[in-house]
Enquirer: 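Pasting a structure below so you can have a look.
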2 protein chains.
Amino acid sequence: MKLVRHFRDFTWDDVDVLAYKDGGPYKDVTRQVLFEGQDALPAQWRYFEVAPGGHSTLERHEHLHNVLILRGRGQCLVDGVVSDIGEHDLVHVPSLSWHQFRAAADAPLGFLCLVASERDRPQLPAEADLAELRRNPAVATFIRP
Amino acid sequence: MKLVRHFRDFTWDDVDVLAYKDGGPYKDVTRQVLFEGQDALPAQWRYFEVAPGGHSTLERHEHLHNVLILRGRGQCLVDGVVSDIGEHDLVHVPSLSWHQFRAAADAPLGFLCLVASERDRPQLPAEADLAELRRNPAVATFIRP
């Protein structure tokens, strides 16, 4: 690996722009792995970009996310609360919190997301989970299952 | 901890601006801990800012650094090579590499730096280390021990 990798237009030297995930409901999201986890630093550091009007998957998992918004603006659902988010804001997604990121209609939402190298697979909401989430009108309006 | 923390002028809600370190040679550097490591994600995520003309400590350690430049520009020494660095460039500091970050004379250098929660203390260069580093003229000009 080159030790210094330069940035241009939200891509980096020797970093592939990948599909966000193989399947699962989402719209207009890409993924780039900036740093693979190593034994001595067991955390994978990724950059995701949600195009204007797009959204990540509504999901939850045991593992935590630490997020820093690098570009643009939008909203996120974390732990039952919908928040406006913009450049350099921080988001912590606790274990087993339902969460989803959406870009604004007129701006992308690009964010750094840190996860443990060893982690469980995301869970998608069942009908009962969606019914529970929709009891909060703000959440009901926000989510894109 | 608030799950969403907003950014303003390179500070964040509920994040203290700290001294870079208690002692050791450096000039005009601050530290902010954006995310403490947790058992489930054992990596601490910090933001350092080097003021124009300032520099971090010339040091090495067993633990790795993964770095993303968030603001400004400058240069870094990593593993015997001096590189220009600017916004959103990535830097990987391998185990036991001598490294130092310097801001440009007319711009700050602010960067995200990821480390394992459990890590060894930095080592400072002895005279023999400095003599070895100075065999490369570019490195000799760059370093501020």
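Protein chains get the first letters and strands the later ones, always in sequence-line order, with residue 1 at the start of each. Predicted model only: the values in this text are computed from it and were never measured.
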Enquirer: Check whether any side-chain heavy atom of A:Ile69 sits under 4.5 Å from a side-chain heavy atom of B:Phe7, and report yes or no.
Expert: no
Enquirer: Examine whether an atom of A:Val115 lies under 4.5 Å from a heavy atom of chain B, and if so say whether it belongs to the side chain, the backbone or both; otherwise answer neither.
Expert: backbone
Enquirer: At a heavy-atom separation under 4.5 Å, does A:Gln38 approach chain B through its side chain, its backbone, both, or neither?
Expert: side chain
Enquirer: Could you check which of B:Asp13, B:Val15, B:Leu64 has the highest count of heavy-atom pairs closer than 4.5 Å to chain A?
Expert: B:Leu64
Enquirer: Given heavy-atom pairs under 4.5 angstrom as the criterion, report whether the side chain, backbone, both or neither of A:Phe10 touches chain B.
Expert: side chain
Enquirer: Counting C-beta onward and ignoring hydrogens, is there a side-chain heavy-atom pair between B:Leu90 and A:Tyr47 closer than 4.5 Å?
Expert: no
Enquirer: Does the side-chain contact (heavy atoms from CB on, under 4.5 Å) test come out yes or no for B:Phe35 and A:Leu114, once each step is laid out?
Expert: CA-CA 10 Å; B:Phe35 294 103; A:Leu114 194 71; over 6 Å; no
Enquirer: Is B:Val93 in contact with chain A via its backbone, its side chain, both, or neither, using a 4.5 Å heavy-atom distance?
Expert: neither
Enquirer: Looking at chain A, which one of B:Val91, B:Leu34, B:Leu41 has the largest number of heavy-atom pairs inside 4.5 Å, strictly under?
Expert: B:Leu41
Enquirer: Check each of B:Ser83, B:Cys76, B:Pro94 against A:Leu3 using the side chain to side chain contact (heavy atoms under 4.5 Å, CB included) test, and report the only one that passes.
Expert: B:Pro94
Enquirer: Among B:Val78, B:Asp79, B:Val81, B:Leu68, who wins on heavy-atom pairs under 4.5 Å with chain A?
Expert: B:Leu68
Enquirer: Using heavy-atom distances under 4.5 Å, tell me whether A:His88 contacts chain B through its side chain, its backbone, both, or neither.
Expert: both
